[in-house]
Asker: 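This is the structure I want to talk about, given as structure tokens.
All of these numbers come straight from a predicted model, not from anything done at the bench. In what follows, every chain begins at residue 1, and chains take the letters A, B, ... in the order their sequences are listed.
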Amino acid sequence: MNTTIRTRFAPSPTGFLHLGSLRTALYCFLFTRKHNGTFILRIEDTDQERQVPGATEVIYDTLRDCGIHWDEGPDVGGPAAPYIQSERKDSYLPYARQLIETGHAYYCFCTKEDLALRRRQAEAHGETWKYDKHCLRLPNEEIQAKLRAGTPYVIRQNTPVTGESDFDDLVYGHIAAPNETLDDMVLIKADGMPTYNFANVIDDNSMGITHVIRGMEYLSSTPKYNLLYRALGWEIPQYIHLPNVMRDNQHKLSKRDGDAYYSDFIQKGYLTEALINYLALVGWNPGNEREFFTMEELIEAFSVSGLSKSPAIFDLNKLTWFNAEYIRRLPFEDYLSRATPWFDQALLGKGIDYRRLAELMQGRTEVFNRIPDMVRFLGKMPDFDKELYLNKKQKSTQDSLMPSLKLARDILIPLSPWTEDKIHDALMAGIKEAGLKNGTVLWPLRVAISGQASTPGGAIEIAWLLGKDETLLRLNAAIEDLEKQEERKNP
RNA sequence: GCCUCCGUGGUCUAGCGGUUAGGACACCGCCCUCUCAAGGCGGCAACACGGGUUCGAGUCCCGUCGGAGGUACCA
């Protein structure tokens, strides 16, 4: 490999960046960096009807966030500028004309409606629809007359009807398709814009792309692209087609799921690094059992041979596990600042010490958006089922309950200053003195002041976070509540 | 329908003719422990099916079945 590798990521600006596309961009980037090549960003906006304002910026921002840097692109320029297809509009038609002259393409005056009708008829007969080359057989005079009259037309590729076309994909190996099954695809649309199919070939060539890395939805049309390369006398690039990222066995991860865009995950509190790390492993493996990678390490480890051929289901569970791991590894100050807005959602103005809370929460946070529900009880004592007090394993029984709570109260009332160490030592000493098991007192205490089956921290940490006043308030309320309940039972 | 591709536990995967089929997530159990989490230990669970080739097949060939993609003046 002595020629410099040039690759491109060529998204359409139709909205947010889909995770499947992100992964394609990632692999493309990794491959290119690994081989010291040039990574190009090209915006494919040939479909005027599907433009979404601001979508291009979303692509830039997402890629940058992820650490996927492009060497040439619309914003940074480069020797093959412009990098937006609509701005290259005029460069396609001459090639199409050249193809017409050499018999590899032809004008077609069939209307969309007419085509749709014929397609439906063919399908009604159970036949495969394929353009019948009707306009290829038009006499030259008629073509010229229609052209002069301004009749709308498209330009179609004239694919051979015999033989077969084949190529070698770096992932899928040898791919061959009978030419008779190849449709005469439209190259230039009636509005003068090239189709993706055509623009792609022209741009990839004029930008000197050596390796085309893209989703496998293009695998079956690649033979047609290659026919174009040959007709134009161009060198065919290497192909690396990537299997799809699936939601489940039969569905691609789709925009409808609400879980398909990069931004969806970031908003929920997934870390970019975790997402990238996970995504890299959906459809690729490093050849060993390593799972954690920084971007630099991914570049180092990346190899086409580790790419999988079969579609992979996106596993939210595993992503979440990665995310929790990444959160645990975050420097504490970083965690604190990221968690603060989520603490605020449940605890704003409640006077809780976020720093201590963050210490307790960092190891327990899987996704940031789960924080509010986990800490809300600190701001407001929730209602809870009294059954929660009873816990066999902790040796907290109906009989031990009231004495335990009162013991805790008696120990905590005189306590000063209110520090975790003090609370801990006093409680432990009192429990030992009473000859009880830790759980017998601590379990009901934690329940009484939190109302939760589980909390980020034990009774001691929770008591400290709540503060002495609030802790005793809640404890007293719990005791009174139980006493009332007793009275009702035995008046 | 036709064309192309794919097929190892629930999920992501290792395997590239001889393995007790390995790892990770999830799940279950135990330990640790003032709950939960983390951690430690253990467990459940896979070569889609049928034919070949071979001394020997998850690995090679053929077929069946299953799935995906394509079949647009969308990309």
Asker: When you measure from the side chain of A:Arg328, which nucleotide among B:rC34, B:rG69, B:rA38 comes out closest?
Answerer: B:rA38
Asker: Remember a base hit wins even if backbone is also touched, and classify A:Gln452 as base, sugar-phosphate or nothing at under 4.0 Å, heavy atoms.
Answerer: nothing
Asker: Heavy atoms from C-beta onward define the side chain here; which of B:rG70, B:rC34, B:rA75 lies closest to that of A:Thr195?
Answerer: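 The answer is B:rA75.
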Asker: By nearest atom, which of the nucleotides B:rU13, B:rA37, B:rU11 is closest to the A:Ile313 side chain?
Answerer: B:rU11
Asker: Which nucleotide in the set B:rC73, B:rU35, B:rA75 lies at the smallest distance from any side-chain heavy atom of A:Trp443?
Answerer: B:rU35
Asker: Do A:Tyr172 and A:Tyr239 have ring centroids that are under 6.0 Å from one another?
Answerer: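 Distance test on ring centres: not under 6.0 Å, no.
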Asker: Measuring to OP1 and OP2 of B:rA14, would you say a side-chain N or O of A:Asn285 lies under 4.0 angstrom away?
Answerer: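 Yes.
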Asker: Between B:rG69, B:rA75, B:rC12, which nucleotide gets closest to the side-chain atoms of A:Asn197?
Answerer: B:rA75
Asker: Hey, is the side chain of A:Asn317 poking within less than 4.0 Å of OP1 or OP2 on B:rA26, counting only N and O atoms?
Answerer: no
Asker: Starting from P on B:rC34, measure out to CG on A:Leu442 and report it in whole angstrom.
Answerer: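 The distance from CG of A:Leu442 to P of B:rC34 comes to 7 Å, rounded to the nearest Å.
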Asker: Just checking A:Gly283: base, sugar-phosphate only, or nothing, at a heavy-atom cut-off of under 4.0 Å?
Answerer: sugar-phosphate
Asker: Does B:rG18 have a Watson-Crick or wobble mate here (both distances under 3.5 Å), and if so which one?
Answerer: B:rC55
Asker: B:rC34 phosphate, OP1 or OP2: any side-chain N/O from A:Lys437 under 4.0 angstrom?
Answerer: no
Asker: What's the CZ-C1' distance between A:Arg290 and B:rC12, to the nearest Å?
Answerer: 18 Å
Asker: What's the closest nucleotide to the side chain of A:His424 if the choices are B:rA68, B:rC73, B:rC34?
Answerer: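 Looking only at side-chain atoms, A:His424 lies closest to B:rC34.
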Asker: NA contact type, A:Tyr278, heavy-atom cut-off 4.0 Å: base, sugar-phosphate, or nothing?
Answerer: nothing
Asker: So for atom NZ, which belongs to A:Lys395, do other residues, nucleotides or ligands contribute more than 12 heavy atoms lying within a distance under 6.0 Å?
Answerer: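 12 or below, so no.
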Asker: To the nearest Å, give me how far apart CG (A:Leu281) and C1' (B:rG23) are.
Answerer: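 Those two atoms, CG and C1', are 12 Å apart.
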Asker: Any side-chain donor-acceptor pair under 3.5 Å between A:Tyr225 and A:Asn197?
Answerer: yes
Asker: Give one of base, sugar-phosphate or nothing for A:Met246, where a contact means two heavy atoms less than 4.0 Å apart.
Answerer: sugar-phosphate
Asker: In whole Å, measure the gap between the P atoms of B:rC28 and B:rC34 for me.
Answerer: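 Pairwise P distance, B:rC28 against B:rC34, rounds to 23 Å.
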Asker: Provide the distance between the two P atoms, one in B:rU54 and one in B:rC16, to the nearest whole Å.
Answerer: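 That atom pair is separated by 23 Å.
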Asker: For B:rC6, take OP1 and OP2 only and decide whether either is under 4.0 Å from a side-chain N or O of A:Lys309.
Answerer: yes
Asker: From the list B:rA75, B:rU35, B:rA24, which nucleotide is the closest neighbour of the side chain of A:Ser12?
Answerer: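 Selected nucleotide (nearest to the side chain): B:rA75.
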Asker: Check every strand shown and say whether A:Ile175 touches a base, only sugar-phosphate, or nothing at a heavy-atom separation below 4.0 Å.
Answerer: sugar-phosphate
Asker: Will you find, in the side chains of A:Thr365 and A:Tyr335, an N or O donor that is under 3.5 Å from an N or O acceptor?
Answerer: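 Their side chains do contain a donor-acceptor pair, which is all the 3.5 Å distance test asks for.
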Asker: With a 6.0 Å cut-off on the ring centroids, do A:Trp321 and A:Phe292 count as close?
Answerer: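 Judged by ring-centre distance (under 6.0 Å), A:Trp321 and A:Phe292 do meet the cut-off.
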Asker: For nucleotides B:rU11 and B:rG29, find the distance between their P atoms and express it as a whole number of Å.
Answerer: 23 Å
Asker: Is any side-chain nitrogen or oxygen of A:Lys189 closer than 4.0 Å to OP1 or OP2 of B:rA75?
Answerer: yes
Asker: Between the side chains of A:Arg88 and A:Ser206, is a donor N or O closer than 3.5 angstrom to an acceptor N or O?
Answerer: yes
Asker: Can you check the A:Leu17 CG to B:rA75 P distance for me, whole Å?
Answerer: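 Rounded to the whole Å, the gap is 18 Å.
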Asker: Within the pair A:Ser308 and B:rC12, is there a side-chain N or O less than 4.0 Å away from OP1 or OP2?
Answerer: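 So the side-chain polar atoms of A:Ser308 never come under 4.0 Å of the phosphate oxygens OP1 or OP2 of B:rC12.
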Asker: Roughly how far apart, to the nearest Å, are B:rC2 and B:rU59 at atom C1'?
Answerer: 31 Å
Asker: In whole angstrom, give me the gap between the P atoms of B:rU71 and B:rU13.
Answerer: 25 Å
Asker: Can you tell me the Watson-Crick or wobble partner of B:rG39, both distances under 3.5 angstrom?
Answerer: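 Here B:rG39 is engaged in a pair, and the nucleotide opposite it is B:rC31.
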Asker: Give a yes-or-no answer on whether the side chains of A:Arg446 and A:Thr455 include a donor-acceptor pair shorter than 3.5 Å.
Answerer: yes
Asker: Base, sugar-phosphate alone, or nothing: which one does A:Lys393 contact when heavy atoms must sit under 4.0 Å apart?
Answerer: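 Touches a base.
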Asker: How would you label the contact of A:Val186 with the nucleic acid (heavy atoms, under 4.0 Å): base, sugar-phosphate, or nothing?
Answerer: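 Counting heavy atoms under 4.0 Å across all strands, the contact made by A:Val186 is with sugar-phosphate only.
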Asker: Please check the phosphate of B:rA38 (OP1 and OP2 only) for any side-chain N or O of A:Arg364 closer than 4.0 Å.
Answerer: no
Asker: Please give the distance between the P atoms of B:rC5 and B:rC61 as a whole number of Å.
Answerer: 13 Å
Asker: Once you apply a heavy-atom cut-off of 4.0 Å, does A:Ala176 come out as touching a base, just sugar-phosphate, or nothing?
Answerer: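 Since only primed, P, OP1 and OP2 atoms lie under 4.0 Å of A:Ala176, the category is sugar-phosphate.
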Asker: Atom CH2 of A:Trp321 and atom P of B:rA24: how far apart are they, to the nearest Å?
Answerer: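 Going from A:Trp321 (CH2) to B:rA24 (P), I get 9 Å.
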Asker: Once you round it to whole Å, what is the distance between P of B:rC74 and CD of A:Glu44?
Answerer: 14 Å
Asker: For a quick check of understanding: with a heavy-atom distance under 4.0 Å over all strands, which category does A:Thr181 fall into, base, sugar-phosphate or nothing?
Answerer: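 Sugar-phosphate, backbone atoms only, no base.
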Asker: Could you tell me whether A:Ala459 contacts a base, only the sugar-phosphate backbone, or nothing, with contacts defined as non-hydrogen atoms closer than 4.0 Å?
Answerer: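 Base contact.
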Asker: Are the aromatic rings of A:Phe368 and A:Phe343 close, with centres under 6.0 Å apart?
Answerer: no
Asker: At under 4.0 Å between heavy atoms, what does A:Pro243 touch on the DNA or RNA strands: base, sugar-phosphate, or nothing?
Answerer: nothing
Asker: Check whether the ring centres of A:Phe293 and A:Tyr326 lie less than 6.0 Å apart, and answer yes or no.
Answerer: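 When the ring centroids of A:Phe293 and A:Tyr326 are compared, they turn out to be at least 6.0 Å apart.
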Asker: Using a heavy-atom cut-off of under 4.0 Å over every strand shown, decide if A:Ser310 touches base, sugar-phosphate, or nothing.
Answerer: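 Result for A:Ser310 = sugar-phosphate.
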Asker: How far does the C1' atom of B:rG39 sit from the matching atom of B:rU4, given to the nearest Å?
Answerer: 49 Å
Asker: Please measure how far the P atom in B:rA46 lies from the corresponding atom in B:rG58, and state the result in whole Å.
Answerer: 15 Å
Asker: CG of A:Asp183 versus P of B:rG70: gap in Å, rounded?
Answerer: 15 Å
Asker: Given atom CD of A:Gln394 and atom P of B:rC32, what is their separation to the nearest angstrom?
Answerer: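 About 12 Å, once rounded to whole Å.
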Asker: Quick check for you: among B:rC12, B:rG70, B:rA24, whose closest atom lies nearest to any side-chain atom of A:Lys318?
Answerer: B:rA24
Asker: Could you work out which one of B:rC34, B:rC5, B:rA37 sits closest to the side chain of A:Leu219?
Answerer: B:rC5
Asker: Of A:Met428 and A:Lys130, whose closest RNA chain B nucleotide lies nearer the 5' terminus?
Answerer: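 It is A:Met428, whose closest nucleotide lies nearer the 5' terminus.
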